[in-house]
Amino acid sequence: MNVVLFGYGYMGRLIYKFLKENQSVKNIYIVDPNPRCEPPVACCDTFENLPEDANVSAAFIASNSITHCDVLEKVLKAGIKNIFCEKPMCLTQDEYKRVQNVAPKDARIVVDYLLRSSGAVRAVQKKIQLLKNAGYKLIGGQVDYGKDKTKDPRRFRDIGVYEELYHIWDLCLNGPLFGKLKDVRVARNIPMPDEKIDGRIIQQRFKYILTDENDEKIPLKLMSSFQKSRRQRSFIFFFSKKEAEVGKNKAEQFNLDEKEKTRIVSLIFDNDFKKDQCLTIDEYNHVERLDFEANKKLENMINDSIIYFSTGKKASYLHSAEDSQAFHILLEQMKQVAPMNKSAIMERIVQKKHEQHIH
């Protein structure tokens, strides 16, 4: 399989590494007009300048998010039906429609929601289901999504905040952790701008009310910020149930009290930059910990995408173009994407100025 990789920045270099290690990939062509570091092979400034005999059958898109729609249109029109695209796939519904208009029915598009591929996510899914089956009620969740500040002058920080939020919105609102939800309501959405940097958003605080298939209401609190120096991202889920407690002797055996039993399940990504973790704590403070390699997420997703492109066998966690559009519609209904769309326009202006400075 010959592939073309759009974008040779941070994610592009990671994707290139895993493509290079995959035995199904023969040749990798890179397209990037302004690569941030020296590419390992000759780099084309445009897709049209690829060698005539490239014979590309799959495209991997790791360019800036404002370019995704244009790149998707180009490769689909060129007859490339196998596509791996960094999230978000598109920024607006108009962009999704543009892609739909040129995509054949047999196109295989995977959108990179790489946290889905973590073994820790699947472990937490199982824990949540086991606790529900045992009579525990999920009474709430809390997410802390601290992230390093970006130093790339081409990117506005609020773009970075919103692009990172797509991961947790997907995990919490789109099925992987809470399952299918009947309703998602925004109870609070507080942007925290920094006046010193032209009002750009550096922190967001949210509160959602999730309604599950059993009509149970689940409050979910979330904080995303560039003010923290650590990258660790933590998800905490709280469970409880009441059980009758029988007296210790025969005289007390009919005296029943309700005792609250609790469980806490935590999902931690990139702990010490090495591990994803699933932690379970019971009411006696007993801790069960399951560790998974943090750096395997993207590698797993790249390899499973190539299997899907080659054989049609799709791993259940992979996020498709249809999933991505439905997810974007949900976020639009919740009024969660407007700041990102506005910031995308500003980012395009900044990027053009940066490119003019280079030339």
Side-chain angles (χ1 to χ4, degrees), residues 6-7 11 59-76 83-105 107-117 121 143 145 155-156 158-187 189 191 201 204 206-211 220 222 224 301 305 308 314 316-348:
F6 291 86
M11 285 303 296
F60 288 76
I61 303 173
S63 54
N64 195 296
S65 57
I66 60 176
T67 70
H68 288 182
C69 180
D70 292 338
V71 175
L72 283 161
E73 277 189 313
K74 283 183 181 179
V75 297
L76 286 165
I83 303 170
F84 178 99
C85 184
E86 272 289 295
K87 57 85 186 132
M89 175 181 159
C90 295
L91 295 175
T92 66
Q93 286 302 319
D94 285 341
E95 289 188 350
Y96 278 106
K97 290 175 183 176
R98 284 170 54 191
V99 175
Q100 281 180 329
N101 289 338
V102 296
K105 291 183 178 180
R108 295 170 178 168
I109 301 176
V110 173
V111 184
D112 176 19
Y113 285 87
L114 63 86
L115 296 190
R116 283 179 169 230
S117 65
V121 170
V143 181
Y145 211 71
R155 298 181 64 80
F156 267 52
D158 41 350
I159 277 287
V161 168
Y162 272 87
E163 285 192 357
E164 290 300 326
L165 279 173
Y166 268 74
H167 280 304
I168 48 177
W169 279 332
D170 174 55
L171 288 177
C172 295
L173 311 180
N174 201 30
L177 291 178
F178 290 93
K180 188 176 180 180
L181 297 170
K182 276 189 175 181
D183 183 60
V184 182
R185 183 167 58 87
V186 181
N189 179 0
I201 297 169
Q204 286 282 105
F206 302 90
K207 182 177 180 181
Y208 301 113
I209 304 298
L210 315 182
T211 304
L220 174 67
L222 184 155
S224 180
M301 182 163 279
S305 296
Y308 176 42
K314 182 182 177 185
S316 60
Y317 72 85
L318 290 179
H319 197 280
S320 69
E322 292 76 19
D323 296 331
S324 190
Q325 184 170 14
F327 181 36
H328 197 277
I329 290 171
L330 170 65
L331 294 178
E332 281 188 341
Q333 291 171 344
M334 295 164 58
K335 296 182 171 31
Q336 299 291 269
V337 294
M340 182 169 180
N341 296 341
K342 180 180 177 182
S343 298
I345 297 172
M346 296 303 297
E347 184 180 0
R348 189 183 294 273

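Everything numeric here is computed off the predicted structure, so don't read it as measured data. Note that the numbering runs from 1 along the sequence shown for the chain.
Remark: Cys172 SG to Leu210 CG distance equals 7.5 Å, nearest 0.5 Å. The SG atom of Cys85 lies 5.0 Å from the CG atom of Leu72; values are rounded to the nearest 0.5 Å. Separation of atoms CD (Glu95) and SG (Cys90) is listed at 5.0 Å; rounding is to 0.5 Å. The CG atom of Leu76 sits 11.0 Å away from atom CG of Asn101, with the distance rounded to the nearest 0.5 Å. With rounding to the nearest 0.5 Å, the separation of CG in Asp170 from CG in Leu114 is 10.5 Å. Between the CH2 atom in Trp169 and the OH atom in Tyr208 there is a gap of 5.5 Å [rounded to 0.5 Å].
Judged as a salt bridge (Lys or Arg N to Asp or Glu O under 4.0 Å), and not counting sequence neighbours, Arg108 has no contacts. For Lys207, there are no salt bridge (Lys or Arg N to Asp or Glu O under 4.0 Å) partners at least two apart in sequence or on another chain. Applying the side-chain hydrogen bond (donor to acceptor under 3.5 Å, both in side chains) rule to Gln333 yields no partners; only residues at least two apart in sequence or on another chain are considered.
In this structure, Phe206 and Gln336 approach most closely via the heavy-atom pair CE2-OE1, 3.1 Å. Looking at every heavy atom in both residues, Ile209 comes nearest to Ala187 through CG1-CB, 4.1 Å. Nearest heavy-atom pair, Ala321 versus Tyr96, reported as atom, atom and distance to 0.1 Å: O-CE2, 4.4 Å. In terms of heavy atoms, Ala59 sits closest to Val75 at CB-CG1, 4.1 Å. In this structure, Val121 and Leu115 approach most closely via the heavy-atom pair CG2-O, 3.1 Å.
Panel note: side chain His328, backbone Leu91; a donor-acceptor pair is recorded below 3.5 Å. No side-chain donor-acceptor contact under 3.5 Å links His68 to the backbone of Ile61.
For the side-chain contact (heavy atoms from CB on, under 4.5 Å) criterion with His319, the lone passing option out of Arg116, Lys87, Met301 is Arg116. With Met89 as reference, Val99 is the one residue of Val99, Asp323, Asp112, Val110 to meet the side-chain contact (heavy atoms from CB on, under 4.5 Å) rule.
Relative ring orientation between Phe327 and Tyr166 is described as perpendicular, the plane-to-plane angle rising above 60° on a 0-90° scale split at 30° and 60°.
Contact check for Asp70 versus Arg98: side-chain heavy atoms found under the 4.5 Å cut-off. Between Val184 and Leu220 the shortest side-chain heavy-atom distance does not fall below 4.5 Å.
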Could you walk me through whether Leu165 and Leu222 satisfy the side-chain contact (heavy atoms from CB on, under 4.5 Å) test, starting with their C-alpha distance in whole Å, then the side-chain angles of each, then the deciding distance to 0.1 Å, before giving a yes or no? CA-CA 10 Å; Leu165 279 173; Leu222 184 155; 3.6 Å; yes
Inset, instruction - Could you check Lys335 against Asn189 for side-chain contact (heavy atoms from CB on, under 4.5 Å), going step by step and ending with a plain yes or no? - result: CA-CA 10 Å; Lys335 296 182 171 31; Asn189 179 0; over 6 Å; no
